[in-house]
Amino acid sequence: MAALAGSSSFFLALLFLVAISASSAETQQQLTEIKMSLYFQDVSSGPNATTIPVAGIATKHWTFTQFGTIFITDEPITETPDPNSAPVGRAQGLFATTGLDGLNAHVMVSIVFTNEAYGGSTLQIQGASKQFEGVREVSIVSGTGLFRYARGYATFETYYLDIPAAYSVIRCNISVLYYSQCGLQSQFSFHQI
């Protein structure tokens, strides 16, 4: 019985040391919040399309409102609504019309930063997007590089729409929390809100 009590004491002491070590490591990393606005340059048809349908129901027309249609996207992201403004990165991923009524889409997009400040870092966006609402909110579920362990949310707003040209500018407002002491350092270089 004494041996059992001794090993229990040792186990509790070891558990206490592990908890202190984990707590100490956590306090060394600072949780930082960044808010930014980015602009997705979206072209949905023609030879320079940045968003295209790749799958859907065989007997139906593959549109943004047709349940089951899957789109792939690789859109340039800029600092301002002007397509000729400084590039920030690319929005690469897919989304699918998941509402039977065609009103909701499920979005899975990586913001792949290519600018000098964050080149190589990413933010992962995922969630249900109510396609025809003025502001659509989705989750930021992760990140890489400077945004390791990121979490937060993003909103999408249609900033500009030209239906005949199949061109739109989507403002993406981001609020993200991440650990700023993950071994990588950089200055924030584009528009903060």
Side-chain angles (χ1 to χ4, degrees), residues 31 33-46 48-83 85 87-114 118 121-144 147 149-178 190-193:
L31 197 58
E33 180 180 23
I34 285 182
K35 293 184 178 187
M36 62 181 107
S37 288
L38 308 171
Y39 295 86
F40 293 25
Q41 307 292 329
D42 179 56
V43 179
S44 58
S45 71
N48 297 318
T50 59
T51 299
I52 60 168
V54 294
I57 299 171
T59 59
K60 304 285 184 175
H61 189 61
W62 296 356
T63 67
F64 292 104
T65 58
Q66 178 55 56
F67 173 72
T69 305
I70 300 171
F71 296 84
I72 299 295
T73 189
D74 183 3
E75 300 175 351
I77 302 172
T78 57
E79 280 188 13
T80 72
D82 181 353
S85 67
V88 172
R90 309 276 311 173
Q92 298 174 332
L94 60 94
F95 59 95
T97 305
T98 54
L100 284 171
D101 57 7
L103 298 179
N104 289 344
H106 188 80
V107 177
M108 293 170 284
V109 172
S110 296
I111 295 178
V112 181
F113 290 96
T114 58
Y118 294 108
S121 297
T122 66
L123 287 172
Q124 312 308 318
I125 294 175
Q126 181 176 329
S129 174
K130 298 180 182 203
Q131 298 190 81
F132 299 102
E133 291 195 4
V135 177
R136 291 124 9 233
E137 183 175 324
V138 292
S139 299
I140 295 175
V141 296
S142 188
T144 63
F147 298 113
Y149 304 109
R151 61 185 184 273
Y153 68 95
T155 59
F156 294 111
E157 302 171 62
T158 303
Y159 182 86
Y160 174 79
L161 178 62
D162 182 345
I163 293 173
Y167 171 69
S168 63
V169 177
I170 308 299
R171 178 175 32 223
C172 178
N173 296 309
I174 293 172
S175 179
V176 66
L177 295 171
Y178 69 100
F190 47 92
H191 178 68
Q192 290 189 43
I193 55 171

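Note that the structure is predicted; figures quoted are calculated from it, not measured. Because only heavy atoms are used, hydrogens play no part in the values below, and waters and symmetry mates are left out as well, while side chains stay in.
Closest approach of G89 and T114 over heavy atoms only: CA-OG1, 3.3 Å. Listed here is the closest heavy atom pair of P83 and T78: O-CG2, 3.9 Å. When every heavy atom of Q124 is checked against every heavy atom of G143, the shortest pair comes out as CG-N, 4.3 Å. Here the closest heavy-atom approach between residue A154 and residue C172 is recorded as CB-SG, 4.1 Å. Nearest heavy-atom pair across V109 and L94 is CG2-O, 4.3 Å. Contact record, I34 with Y118: CD1-OH, 3.8 Å, taken as the closest heavy-atom pair.
For S85 (side chain) and T80 (main-chain N/O), a donor-acceptor pair under 3.5 Å exists by modelled atom type. Proximity of a side-chain donor or acceptor of Q131 to a complementary backbone N or O of G102 within less than 3.5 Å is detected. Looking only at distances, no side-chain donor or acceptor of S129 sits under 3.5 Å from a matching main-chain atom of A105. The backbone N or O of V141 sits nowhere less than 3.5 Å from a side-chain atom of S139 that would complete a donor-acceptor pair. Under the 3.5 Å distance criterion, the side-chain polar atoms of T97 are matched with a main-chain donor or acceptor of F64.
Annotation: salt bridge (charged side-chain N to carboxylate O under 4.0 Å, His left out) contacts involving residues 65-74, sequence neighbours excluded, comprise D74-R90. Evaluation of the salt bridge (charged side-chain N to carboxylate O under 4.0 Å, His left out) test over residues 49-58, restricted to residues two or more places apart or in two chains, returns none. Among residues at least two apart or in separate chains, side chain to side chain donor-acceptor pair (under 3.5 Å) pairs with a member in residues 51-68 are D42-T51, T51-T73, T51-E75, T63-T65.
If you look at Y178 and F147, their ring centroids are closer than 6.0 Å.
With a 4.5 Å cut-off on side-chain heavy atoms, F113 and L123 count as touching. Side-chain contact between N173 and E157 is present, with at least one heavy-atom pair separated by less than 4.5 Å. Residues N104 and E133 are not in side-chain contact: their nearest non-hydrogen atoms beyond the backbone lie 4.5 Å or more apart. Looking at L38 and I174, their side chains come closer than 4.5 Å, going by heavy atoms from C-beta outward. Using a 4.5 Å cut-off on side-chain heavy atoms (C-beta onward), I111 and F40 make contact. The closest side-chain heavy-atom distance from P81 to R171 is not below 4.5 Å. No side-chain heavy atom of F71 sits less than 4.5 Å from a side-chain heavy atom of I52. Annotation: side chain of I140 is not in contact with side chain of S142 (no heavy-atom distance under 4.5 Å).
When only modelled atom types and interatomic distance are considered, Q92 and S110 share no side-chain donor-acceptor pair under 3.5 Å. In this structure, a donor-acceptor pair under 3.5 Å is present between the side chains of Q41 and Y167. Side chains of T122 and T144: a donor on one and an acceptor on the other come within 3.5 Å.
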**Q.** Test side-chain contact (heavy atoms from CB on, under 4.5 Å) applied to Q126 and H106, step by step
**A.** CA-CA 7 Å; Q126 181 176 329; H106 188 80; 3.6 Å; yes
Q: Any chance you could lay out the side-chain contact (heavy atoms from CB on, under 4.5 Å) test for T158 and R136, step after step, and finish with the verdict?
A: CA-CA 9 Å; T158 303; R136 291 124 9 233; 3.4 Å; yes
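Summarising the local packing, CZ of F132 is surrounded by more than 12 heavy atoms from other residues, nucleotides or ligands at distances under 6.0 Å.
Going from atom CD1 of I70 over to atom CD1 of I72 covers 7.5 Å, rounded to the nearest 0.5 Å. Taken to the nearest 0.5 Å, the CG atom of L100 stands 4.5 Å off from the CZ atom of F67.
Taking the six-membered ring where tryptophan is involved, the planes of Y159 and Y39 are perpendicular, since the angle between them exceeds 60° and thus also 30°.
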